[in-house]
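Computed from a prediction, not measured in an experiment: that's the story for all the values here. One-based numbering, in listed order, for ligands and for the atoms of each. Residue numbers run from 1 in the order of the sequence given.
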Amino acid sequence: MIKHISYDILSESKMPSQEIILVEDLSKSFSTHKVVDGVSFQVHSGETLGLLGPNGAGKTTTIRMLTGLIRPSSGTITVGGYSVLKNSIEAKRLFGISPQEASFHPHLSIAEDLYFYARLRGLSRSESMLQARETIAWAKLEDHSAKNGRQLSGGMQRRLLMARALITDPPILYLDEPTTGLDPQSRHALWDYISELKGRKKTIILTTHYMEEAEMLCDRVIIIDHGKIIAVGSPSELRRSMGIDSVLTLKPRRSFLSADLLALQEIPGVMKLHNSNGCLSIHLREKEALDEIVVIASKLAGINELNLKEPSLEDVFLQLTGRGLRE
Ligand SMILES: Nc1ncnc2c1ncn2[C@@H]1O[C@H](COP(=O)(O)OP(=O)(O)OP(=O)(O)O)[C@@H](O)[C@H]1O
Ligand SMILES: [Mg+2]
């Protein structure tokens, strides 16, 4: 078990203990391109907050501002009562980061890598040795501790990045796409690590493209599109707020024509249609529409396959923006 360092700094804070991170009207422009646009949110102590959005939505830029890596064009960020801009030393003591893009030194073993990170974070030599050992054990990398980061598998590299983030056992963790590019088995293993951190009441901000990851791990989700927050809530609140009862997916025998889609859209209870990759997905306000849809769709194009499911966060995004997260 990782040594638990006490964070008295938090109890000195002037903020209500509930809101450990407070972001107000945060914006960032790169030359004339505004990539984060007036973002405000709070994160409660012990909460896991998901930042969801398509490529280029501004998630990493937001994390880089939250962690003081880049300066906002405007807005404020307070962590544990400390301004990330004005009291950066105190604020930075409170968090660890697992970045989206990471580099691994070719001449440092992972044991040395973690020792180096601990020293950078101000731990003494003996504390650094201890924490490097503890975090290697936590990440189940003992058998690989003599390798350098580049010699690890993708899943192990992600665990090493989490170990770096945990090196001082901070109360807040920023995990930027901790599972992107991993095979499903490694992704599930990473979810177990993140769940363990949730169990230890860490406050976590997690960015992801995987809806099931957000549904499984996040207490609340912020959906970002083009640098703006377009929805906030728990996964179930977000699904309910859209008023979608269920989602019907149809694989037609022949492609639907535009006129077919118009006819299906007219059926009472149909909210939104999305035709992509030879599949039509239909958001239903009520299941009563189902019979009529199936009859009409079979007449229009035939049906090879159909599936009815609960709406997912992906469907929420589709309902809000008219496009899928990966389009
Ligand atoms: N240093 C930079 N200079 C110029 N433009 C940048 C810079 N960093 C990011 N951008 C732009 O800002 C926008 C948001 O990028 P960001 O990396 O925050 O997106 P993201 O939501 O993390 O996307 P992804 O899911 O692909 O990681 C993109 O259009 C990107 O090209
Ligand atoms: Mg990113």
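Put simply, CG on Leu261 and CG on Leu280 are 6.0 Å apart, with the number rounded to the nearest 0.5 Å. Between the NZ atom in Lys251 and the OG atom in Ser281 there is a gap of 13.5 Å [rounded to 0.5 Å].
In this structure, Arg64 contributes its side chain and Gly68 its backbone to no donor-acceptor pair below 3.5 Å. Checked by atom type and distance alone, the side chain of Lys198 pairs as donor or acceptor with a backbone atom of Leu217 at under 3.5 Å. Formation of a donor-acceptor pair under 3.5 Å by the Arg150 side chain with backbone atoms of Phe104 is found in this model. Put simply, the side chain of Arg159 gets close to the backbone of Lys140: a donor and an acceptor are under 3.5 Å apart. Remark: the backbone N or O of Leu313 is paired with a side-chain donor or acceptor of Glu215 at under 3.5 angstrom.
Hydrophobic clustering, with ILVMFWY side chains joined whenever heavy atoms are under 4.5 angstrom apart, groups Phe256 together with Leu290.
Nearby protein atoms of type N, O or S around the Mg ion (ligand 2) amount to 2 (distance under 2.8 Å).
When His226, Lys228, Met65 are each tested for a side chain to side chain contact (heavy atoms under 4.5 Å, CB included) with Val36, only one passes: Met65.
Protein neighbours of ligand 1 below 4.0 Å, counting non-hydrogen atoms: Phe30, His33, Val35, Pro54, Asn55, Gly56, Ala57, Gly58, Lys59, Thr60, Thr61, Gln100, Glu177, His209.
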